[in-house]
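Below: the structure, in structure tokens.
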Number of protein chains: 2
Amino acid sequence: MNVGDVSRRTLADELATGVVELIREQRLEPGGQLDTVRTLATRFSVAVPTMREALRRLEAMGVVVLRHGSGVYVGENVGRSVLPNPHSPILTGERLIDLLEARRTIEPPIAAMAATVRDPDGVARLTETLDEAEQCLRLHDERLWIVNLEFHRALAQASGNTVLAEVVDSIVLVHAQEQREILRLHGDESEDFAEHQRIIRAVVDGSADEAFGATHEHLTNVIDVIRARNLGSEH
Amino acid sequence: MNVGDVSRRTLADELATGVVELIREQRLEPGGQLDTVRTLATRFSVAVPTMREALRRLEAMGVVVLRHGSGVYVGENVGRSVLPNPHSPILTGERLIDLLEARRTIEPPIAAMAATVRDPDGVARLTETLDEAEQCLRLHDERLWIVNLEFHRALAQASGNTVLAEVVDSIVLVHAQEQREILRLHGDESEDFAEHQRIIRAVVDGSADEAFGATHEHLTNVIDVIRARNLGSEH
DNA sequence: ATCACCTAGTGATCTAATCAATTCCACGCC
DNA sequence: GGCGTGGAATTGATTAGATCACTAGGTGAT
């Protein structure tokens, strides 16, 4: 996205924009159904493969979903500003540290906001992920790493700031495998869980400073573990 | 991107992944040329329109660029984790405040990092945007808002953290028009410029606290202006 | 050396057909 | 009457083939 770019746009690009505008005019929400590919092609006076190219663009952004045999639907990302790149390379070394340090920069103030706002739904969702994590711990369920991702996403949503929520969502999801590996390297799931508990308690108590500190400390611990491991693996 | 999603993938989706892997195998950098669409289709044993659909997906992410009459090239976003959604809705009201508050959360620590790191190239680029902004001010060049965007992007890059740089880049670019309107509503370009100057001076001086404070104050000022304007326009 | 023109290569779009998945409806059985 | 199954219709997915539009490189003329 180049602000001053005046290069010629393809028809597929124009059509993608046109479809998004149609979604907006029809006030369709995520999950809502659009016209069929063939009807959209007729509507915009183009061939079906051309409309398909446009829809593939939108599909890549999660703005639409094409269901074989069913139709075209509005995707969850239609209102989003920031997206994860599903083709992002696996982060290692310094890039992985960058990721964690970025999270350590962004997530503590998010936790403080969540403690300040104390939205009942946000808090409920947070507590829910904690319950799920506890169950995974008890049952030695390897889905724990997924539940941990959900915890961080829920925390960001509990901040009440949609842009920050999208940012954390994007970072956490696009590097889900890395997060999985990080939990493995951490080696102490119970301690990780306890740190999440401490963060939630601070949010529930409305203690913004404690929430900030707990989150910062939690992510610092993670960074330290990964740093030590990286140094180890490079000898 | 749903971590646990096991639904059937389309061929276009598989091909998109295949092309990205090819880019990686061939160690192509942004700007590097891939095989032609027809050759790629042959290589992956699919029809040309199917390969085109896959490439449209990748084009939407900025991972490839299709140049009419020339060929297929690797795009700038090939290594990125976080992307702006070019079809994002224009933010207004509370969503716009969310955007600004997100920036106020993320950018002050970024400025502090930039002051700590004090990378010569980063600082040079920052100073460059300041010179450009000064020129725009002097000549009453309306491109000032673009240069201001560049300032914030350069600041994020000067932090040395690639993930944070991508996040700021995404936020700032996807909502470029809103930023333009914000500068207009601000009404005092010279003051805005002076605040940017103060931030850069702090970075150059290696004063992390001052950089943090100056950035925080700058964005708080912007938020206050927009808040007052929003309250005004809703009566 | 530079500019203009032409050709070949390559992306862009179209037409038309067939294949594959989903949904809906009708019929039969319990 | 309700439920289950099968088939038809609808809709997305992919293919094959053709034509159009743009770019890059090479050659010839000035």
Side-chain angles (χ1 to χ4, degrees), chain A residues 2 5-20 22-23 26 28 30-76 78 86, chain B residues 2 5-20 22-23 26 28 30-76 78 86:
Chain A
N2 196 338
D5 195 348
V6 293
S7 63
R8 174 180 294 272
R9 294 179 71 190
T10 60
L11 194 48
D13 194 355
E14 304 261 9
L15 290 171
T17 301
V19 169
V20 170
L22 189 63
I23 290 171
Q26 296 181 346
L28 293 173
Q33 188 165 18
L34 272 73
D35 287 338
T36 65
V37 177
R38 286 168 182 139
T39 306
L40 286 170
T42 302
R43 180 192 196 100
F44 288 94
S45 304
V46 296
V48 167
T50 307
M51 176 52 68
R52 290 187 56 83
E53 287 189 18
L55 292 172
R56 286 291 185 219
R57 289 182 61 107
L58 294 177
E59 188 183 43
M61 313 305 292
V63 171
V64 302
V65 177
L66 276 61
R67 291 213 195 98
H68 191 169
S70 179
V72 184
Y73 299 85
V74 178
E76 291 185 349
V78 70
Chain B
N2 198 336
D5 195 348
V6 292
S7 63
R8 176 179 292 271
R9 296 177 70 189
T10 62
L11 193 48
D13 194 355
E14 303 262 6
L15 290 171
T17 302
V19 169
V20 171
L22 189 62
I23 291 172
Q26 295 179 348
L28 294 172
Q33 189 164 17
L34 271 72
D35 287 339
T36 65
V37 176
R38 286 170 179 137
T39 305
L40 286 171
T42 302
R43 181 193 195 100
F44 288 93
S45 305
V46 296
V48 167
T50 307
M51 176 52 70
R52 289 187 58 85
E53 288 189 16
L55 292 172
R56 286 288 185 223
R57 290 183 60 108
L58 294 177
E59 188 184 43
M61 315 303 294
V63 171
V64 301
V65 176
L66 274 62
R67 291 215 194 96
H68 192 168
S70 177
V72 184
Y73 297 86
V74 179
E76 290 184 351
V78 70

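Predicted model only: the values in this text are computed from it and were never measured. Below, each value reflects all heavy atoms present in this structure, side chains not excepted, and no hydrogens, waters or symmetry copies. Here is the naming used below: chain letters follow the sequence lines, and residue numbers restart at 1 for every chain.
Put simply, CD on B:Gln33 is 8 Å from P on C:dT10, counting in whole angstrom units. Rounded to an integer number of Å, the gap from A:Arg9 CZ to D:dC22 P is 17 Å. Residue B:Leu15 contributes atom CG, which lies 13 Å from atom P of D:dA13 at whole-angstrom precision. Atom pair B:Leu66:CG and C:dT10:C1' shows a separation of 10 Å (rounding to whole Å applied). Summarising the geometry, the separation between CD on B:Glu59 and C1' on C:dA12 is reported as 11 Å, rounded to the nearest angstrom. Between A:Phe44 atom CZ and C:dC14 atom P there is a gap of 13 Å when expressed in whole angstrom units. The distance from atom CZ of A:Arg52 to atom C1' of D:dA16 is 15 Å, rounded to the nearest whole Å. Atom P of nucleotide C:dA21 and atom OH of A:Tyr73 are separated by 17 Å, given to the nearest angstrom.
Between the A:Thr42 side chain and the A:Arg38 main chain, a donor and an acceptor come within less than 3.5 Å of each other.
Contact check on A:Glu53 versus A:Arg56 returns no salt bridge, with no Lys/Arg side-chain nitrogen under 4.0 Å from an Asp/Glu carboxylate oxygen.
Between A:Thr50 and C:dC14 there is a side-chain polar atom (N or O) within less than 4.0 angstrom of OP1 or OP2. OP1 or OP2 of D:dT23 has not a single side-chain nitrogen or oxygen of B:Arg67 nearer than 4.0 Å. For D:dT14, one of the phosphate oxygens OP1 or OP2 lies less than 4.0 angstrom from a side-chain nitrogen or oxygen of A:Arg56.
Under the stacking criterion of a centre-to-centre distance below 5.5 angstrom and an interplanar angle below 30°, A:His68 sits stacked against the six-membered ring of C:dA20.
Comparing B:Leu34 and A:Ser70 by the nucleotide of DNA chain C that holds the closest heavy atom to each, the one mapping nearer the 5' end is B:Leu34. Comparing B:Leu11 and B:Gly69 by the nucleotide of DNA chain D that holds the closest heavy atom to each, the one mapping nearer the 5' end is B:Leu11.
Base engagement by A:Arg38 is indicated by at least one non-hydrogen atom pair under 4.0 Å involving a base atom. Note on B:Thr36: only backbone sugar-phosphate atoms sit closer than 4.0 angstrom, heavy atoms only; bases stay farther off. Nucleic acid contact class of A:Val48 (heavy atoms, under 4.0 Å, all strands): none.
The side chain of B:Val46 has D:dT15 as its nearest neighbour among D:dT23, D:dT15, C:dG11. Here C:dC14 is the nucleotide among C:dC14, D:dG12, D:dT15 with the atom lying nearest to any side-chain atom of A:Ala47.
Residues A:Val20 and A:Val63 form a side-chain contact, since some pair of their non-hydrogen atoms from C-beta on lies under 4.5 Å apart. A heavy-atom distance below 4.5 Å is not found between the side chains of B:Val65 and B:Glu59. The side-chain heavy atoms of A:Thr17 and A:Arg9, taken from C-beta on, include a pair separated by under 4.5 Å. Using a 4.5 Å cut-off on side-chain heavy atoms (C-beta onward), B:Val72 and B:Thr36 make no contact. Residues B:Val19 and B:Met51 are in side-chain contact: their nearest non-hydrogen atoms beyond the backbone lie under 4.5 Å apart.
Here the closest non-hydrogen pair linking B:Phe44 and B:Leu22 is CE1-CD2, 4.3 Å.
Taking five base pairs at each end of the helix from C:dA1-D:dT30 to C:dC30-D:dG1 and finding the rotation axis that steps the C1' atoms of four pairs onto the next four gives two axes whose angle is 10°, to the nearest 10°.
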